[in-house]
Amino acid sequence: MKTFLEYVAEDILKKYGNDLSRIAVVFPNKRASLFLNAHLARLSEKPIWSPAYVTISDLFRQYSDKKVADPIKLICDLHRSFIEQTGFDETLDHFYSWGQLLLADFDDIDKNMADANKVFANLRDLHELDDESYLSDEQKEIIRKFFSNFSDDHNSQLKERFLKLWSHISDIYHAFNDRLTSQQLAYEGALYREVAVKENINLEYDQYLFVGFNLLQQVEQKLFTTISKQGKAKFYWDFDAYYIKDHEAGHYINQYLKIFPNELENNSDIIQQFKQHKDITFISAPTENIQTRYASSWLNQARIADGRKTAIVLCDEKLLQSLLHCLPDEVDKVNITTGFPLSQSPVSSLCALLFDLQTVGYNHKTLKFRPRYLTLFKNHPYADFIPEEKMKRIDGEQFNHELLEWMIDILRDLAPHAGEDEMMQEAIFRMYTLLNRLLALVDSGDLVVDHSTLRRLLTQLIQSTSIPFHGEPAEGIQLMGVLETRNLDFSHILLLSCNEGNMPKGVGDTSFIPYSLRKAYGLTTIDHKVAIFSYYFHRLLQRADDITICYNNATTDGHTGEMSRFMLQLMAECPHPIRFQTLQAGQSFTPFAPQAISKTPQVMEKLNELFSIEKHPGTQKPLLTPTAINRYLRCQLQFYYNYICQLRELDELDDEENIDNRLFGDIFHEAAQIIYERITGKKNNQVITADVLSQILKSKIGIETAVDEAFNKVLQLSKGYELNGLQLINREVIIHYLRTLLEIDRRKKEFTILGLETDVWTPLTTPHISTIIGGRIDRLDMIDGQIRVVDYKTGSHNLNQLPDVDAIFSDANIAKHSDYYLQTFLYASIVSQSNPTHQVAPALLFIQRTGEKDYNPILKFGKEPINDLAPYKADFDKRLSETVDEIFNPAISFNPTTEQERCAYCPYKKLCSV
């Protein structure tokens, strides 16, 4: 197969010889020049002077004194012109998104050289259509029908708003262009139009060869005609006779051949017949991932050996990352042209976190970063590279300036850590460039927006930026997007995700200019956009003889499951047979079945590191807590993920906005401790009398100040902070609960506080571990010689009584809150060791149930209160030792729970279901 660019190279050498220094070759994009240059070097029998390679965009810009302005600056200037011409009080935040649409319309008008005054004509000017001699009768009728919808008889609020804006758009267009001209700036369409209307252009080269152009815009046609009139233009079209006659873009190409009639003869040896033999296969697949995995098997030895003659084209470029992971090891050379999305790089997520940390992640009342956003930042893989002193609050009158400067400064600190990681280096550079671009616009006064709009603009810029891959473009398997295939030919082609919506690519018609007016004035319509993609698709297949096209047939996750219309067209018209195949998953659906995890030497090492006394010599605090044991009983895999893998649950709480059950309990515990410490003077073994408690209950201020102090301490509130509505409600509930607790204690007449928030622990040695076990007791008191180990509960759980000690260690009783029993039993067992002459009773004080008659917080087995742990202690200690030993026994794996209802809200459920 001879490629289009090979034909062009042969023709150039035949007509112009080896000295091409006075020739410019103009391409739609840069990529094709690399291939043409390689062909020229290979086909020439002796050294040559290479031609100049110019893109069409560069050619237009060479002949204008203006520069194309930054897209954000364009919208900012357009907003100013909009305000001046309409008098509307529209903020830039609200204007920005539809300002982009308006700018796109202006650009389209200029590239198609339409008269903006006529396109945006008012209803009152409808009679002037009689003088529009350049419009056909059909075009005039289209316009009349459109504006007839806005007659006085049919006006609605929406139509009135449209007309109000429509009446100013022409003025906005001219004012906007004048504003840019005064700055020697332009948007692309305006610059192209300025160059296109010039009668004489001082051309730099003797001959301009236009290669591979297809659907020309009016400005391109005009420039080509101007250069052609000077005898300096030649054209190489890339199409075949089948395509011209039968497809959407055919009438466009025929139209251009009428403008440049001699070029058809010049290109006669390049024009191919689509009817040459082709091997075509259509493959349906249920997922995108299966398609990228299929690419590995598609790249058989013959296709890999053909190198650059083999191309995988991504109709959906988001598949690139998945495809890269699926390439077989035999592929040693790959050229990637689509670029890696900057949005998928760690630098992008880091900048998003930094931005959020200084905006929504900062509490102006507490003057602190919100814990949730701070945790998200600290969990980022690049967080360790950022100096701690840089993580400070940015504040000032020029907040956007200072915020962007701070982020740029952090990127400077991050850059040296990229080392030889070229992807990281390039991502940092691209992000650094974007932030400086925004900073320049902010400093110039062009970009005056709030931080939420600035965040949105940064996100848009990141999403539209790619990180280029470096490599030899003319070697190896080619991975590319649809646009990159222009002018290039391949023997073997695999198209992935060739679905309607991807091919053609999302051809919407969002615009201020309705379809009927667009069509009447020769502007770009949805038909034109479809024709462009039709050309790309058929031209790509034109010279290939090995074609495989995959599409997603699923109707989920936003996919329509519909093959591209161009595939349907091939099925109806293609002279070659088409094979149809279906990809299926290589494995059947596996029901939810978590697997056991063995205690490998690495796992045992981690267990000992966390819980063994040998790893913590001289420690004076518990290593193993009831929480850890209860987690193990609930689900051994949950214990493994939490402790061994250190996968902690993210605290979703914004501490100053909401109070969840955990924090509610913490505040209550803290308030109770403050009250009783005031009574006892922070001393243990202090007797509390009913009279003292009665005095406190009579004074509201003492209880309220204790609760306020607890709020400040637990939530770390700043001085002068005012509670919000929800916090005030929680405050009143906690005050009520605290009064209830004091009332319960007042009924006892007299009792002794032995300790508040007291830490207790004891050594525990089993055949497989020596550890320290224990925790914190909410309250330790004594009534009539009986010591109570009291755990406060602010929830409304109706505790189901367990029958015996064995039930505490049965995972089947987790739903009955056996974890409450285990915690208080453990604490009571430890306390009883140092108080052998006293009865020690485990107790759970549910504040919401204290109003019940004869309420007794002491736990029960069945209906019998456990007034003394002594009869159960030996049995409890034995079962506790066995359970702990099982955790550290290397012969026993971590097994998943058999109670699947526990998995519904487990934070690790996705890990288990893989």
Legend entry - Check: R179 and L185 side chains under 4.5 Å, non-hydrogen atoms: no
Legend entry - F35 CZ to N487 CG distance, which is reported to the nearest 0.5 Å: 11.0 Å
Legend entry - Sub-4.5 Å side-chain heavy-atom contact between T310 and D546: no
Inset, instruction - Report yes if the side chains of K30 and Y53 come closer than 4.5 Å at any heavy-atom pair, otherwise no. - result: no
Inset, instruction - Please answer whether the main-chain N or O of G189 pairs with a side-chain N or O of D107 as donor and acceptor at a distance below 3.5 Å. - result: yes
Inset, instruction - Could you verify whether a donor N or O on one side chain and an acceptor N or O on the other, from Q425 and E422, lie under 3.5 Å apart? - result: no
Legend entry - Heavy atoms of other groups near K232 NZ, more than 12 under 6.0 Å: yes
Inset, instruction - Answer with yes or no whether the side chains of T524 and K529 bring together a donor and an acceptor at under 3.5 Å. - result: no
Inset, instruction - Please tell me if the side chains of I12 and Y236 come closer than 4.5 Å, counting only heavy atoms from C-beta onward. - result: yes
Inset, instruction - Report yes or no: do Y515 and D527 form a side-chain donor-acceptor pair below 3.5 Å? - result: yes
Inset, instruction - Answer yes when R543 and D238 have at least one side-chain N-carboxylate O distance shorter than 4.0 Å, and no when they do not. - result: yes
Legend entry - Pairing of K2 and D489 as salt bridge, 4.0 angstrom limit: no
Inset, instruction - Verify the neighbour count for atom CG of D19: are there more than 12 heavy atoms of other residues, nucleotides or ligands below 6.0 Å? - result: yes
Legend entry - Expected output: side-chain N499 to main-chain E562 donor-acceptor under 3.5 Å: yes
Legend entry - Minimum heavy-atom distance between M571 and F282, given as atom pair plus value: CG-CE2, 3.5 Å
Legend entry - F537 and V482, any side-chain heavy atoms less than 4.5 Å apart: no
Inset, instruction - Check for a donor-acceptor pair, side chain of Q207 on one end and backbone N or O of A24 on the other, with a separation under 3.5 Å. - result: no
Legend entry - Q478 side chain vs G476 backbone, donor-acceptor pair below 3.5 Å: yes
Legend entry - Spacing of L314 atom CG and C498 atom SG [to the nearest 0.5 Å]: 11.5 Å
Inset, instruction - Rounded to the nearest 0.5 Å, what's the gap from CD on Q221 to CD on Q218? Could you check? - result: 4.5 Å
Inset, instruction - Could you tell me whether the side chain of K278 and the main chain of Q542 form a donor-acceptor pair under 3.5 Å? - result: yes
Review item, side-chain donor-acceptor pairs of residues 190-199, under 3.5 Å, at least two apart:
| residue | atom | partner | partner atom | Å |
| --- | --- | --- | --- | --- |
| Y192 | OH | S57 | OG | 3.4 |
| Y192 | OH | E188 | OE2 | 3.4 |
| R193 | NH1 | D110 | OD1 | 2.8 |
| R193 | NH1 | A114 | O | 2.8 |
| R193 | NH2 | A114 | O | 2.8 |
| E194 | OE1 | S64 | OG | 3.2 |
| K198 | NZ | Y63 | O | 2.5 |

Inset, instruction - Evaluate the side-chain proximity of R31 to M480: yes if any heavy-atom separation is below 4.5 Å, no if none is. - result: yes
Inset, instruction - Work out which heavy atom in L342 is nearest to a heavy atom in I462; give both atom names and the distance. - result: CB-O, 3.9 Å
Legend entry - Sequence-distant partners of R437, salt bridge (Lys or Arg N to Asp or Glu O under 4.0 Å), two or more places apart: D70
Legend entry - Side-chain touch N214/R539, heavy atoms, less than 4.5 angstrom: no
Inset, instruction - Please confirm whether the backbone N or O of I283 pairs with a side-chain atom of Q581, one donor and one acceptor, at under 3.5 Å? - result: no
Legend entry - Whether F533 and Y536 hold their rings parallel, tilted or perpendicular, with breakpoints at 30° and 60°: perpendicular
Inset, instruction - Using modelled atom types only, decide if a donor and an acceptor are shared between the side chain of D316 and the backbone of S497 within a distance under 3.5 Å. - result: no
Legend entry - Pairwise side-chain contact, C550 with L494, heavy-atom cut-off 4.5 Å (strictly under): yes
Inset, instruction - Answer yes or no: does atom CZ of F429 have more than 12 heavy-atom neighbours from other residues, nucleotides or ligands under 6.0 Å? - result: no
